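I have a structure here, written as structure tokens, and I will follow up with some questions on it.
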Amino acid sequence: MLQPEGVFVVCENWLNDKRAYNGAKIAGLDIVSVWPVMGRVGKPEPLFAVYVMRKQSESYQDITDVQNKDKIVRDPLIVRGEDGKWTEQYAEVMKAMSIPVV
């Protein structure tokens, strides 16, 4: 059970982006942040995204609407650069999770 001030985080295939918004609305949740993840530079769209949600409240009421996505969608995290190696941005994420960067 999600506490009143709790946060629910889920990863979802990018092809299911609209489904994530619809599911959040049905579950009484507002999406407060979306972080798309690109497999590598040059791909036409993300592989998946990380969705951060909270219980619906007046302060977040309008942002779950798909029309307001530009307010909550972050710049994408790109995993691999043109050279096929991890990007510096992805390496920072790995370090934050205490995963060695080789």
Side-chain angles (χ1 to χ4, degrees):
M1 179 168 194
L2 188 62
Q3 296 296 315
E5 296 299 318
V7 176
F8 177 70
V9 180
V10 65
C11 296
E12 182 59 65
N13 181 319
W14 189 253
L15 297 175
N16 292 328
D17 183 60
K18 284 185 181 179
R19 186 176 181 193
Y21 284 86
N22 292 335
K25 190 171 187 174
I26 291 167
L29 299 171
D30 287 326
I31 296 176
V32 297
S33 180
V34 178
W35 197 7
V37 179
M38 308 283 291
R40 67 181 161 97
V41 171
K43 288 289 186 175
E45 58 185 36
L47 289 172
F48 66 93
V50 178
Y51 298 84
V52 179
M53 305 176 199
R54 295 182 183 264
K55 286 188 174 184
Q56 288 179 346
S57 70
E58 289 182 23
S59 60
Y60 294 112
Q61 195 166 13
D62 294 333
I63 62 176
T64 297
D65 188 333
V66 175
Q67 296 170 341
N68 292 316
K69 284 174 61 171
D70 60 325
K71 296 178 184 174
I72 60 171
V73 178
R74 298 174 56 170
D75 290 335
L77 167 65
I78 301 173
V79 176
R80 296 190 182 274
E82 291 177 354
D83 59 2
K85 296 181 181 179
W86 287 350
T87 63
E88 188 61 36
Q89 183 187 27
Y90 184 68
E92 290 300 317
V93 170
M94 300 295 280
K95 290 177 193 173
M97 295 187 297
S98 300
I99 298 174
V101 177
V102 289

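Bear in mind the structure is a predicted one, so any value in this text is a computation, not a measurement.
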**Q.** Co-membership, hydrophobic cluster, residues Phe8 and Ile26, 4.5 Å side-chain
**A.** no

(Q) Quick check for you: to the nearest 0.5 Å, what is the distance between Gln56 atom CD and Asp30 atom CG? (A) 4.5 Å

Q | Heavy-atom donor-acceptor pair, Trp35 side chain to Asp75 backbone, under 3.5 Å | A | yes

Q | Main-chain N/O of Leu2 paired to Lys55 side chain as donor or acceptor, under 3.5 Å | A | yes

Q | Enclosure of Arg80 CZ (heavy-atom neighbours >12, cutoff 6.0 Å) | A | yes

Q.
Ignoring hydrogens, what is the shortest heavy-atom contact between Ile72 and Ile31? Give both atom names and the distance.
A. CD1-O, 3.4 Å

Q. Where is the tightest heavy-atom contact between Trp14 and Pro46, given as atom of each residue plus distance?
A. CB-O, 3.3 Å

Q: Without swapping roles, check the side chain of Asp83 against the backbone of Lys85 for a donor-acceptor pair under 3.5 Å.
A: yes

Q) Closest approach of Ser33 and Arg74, non-hydrogen atoms and distance? A) OG-CD, 3.7 Å

Q. Is it the case that one hydrophobic cluster holds both Leu77 and Val52, taking links as side-chain heavy atoms less than 4.5 Å apart, direct or via other members?
A. yes

Q) When you look at CE of Met1, are more than 12 heavy atoms from neighbouring residues, nucleotides or ligands closer to it than 6.0 Å? A) no

Q. In terms of hydrophobic clustering (I, L, V, M, F, W, Y; side-chain heavy atoms under 4.5 Å; direct or indirect links), are Leu15 and Val73 co-clustered?
A. no

**Q.** For the student: nearest non-hydrogen atoms of Pro76 and Met38, plus distance
**A.** CB-CG, 3.6 Å

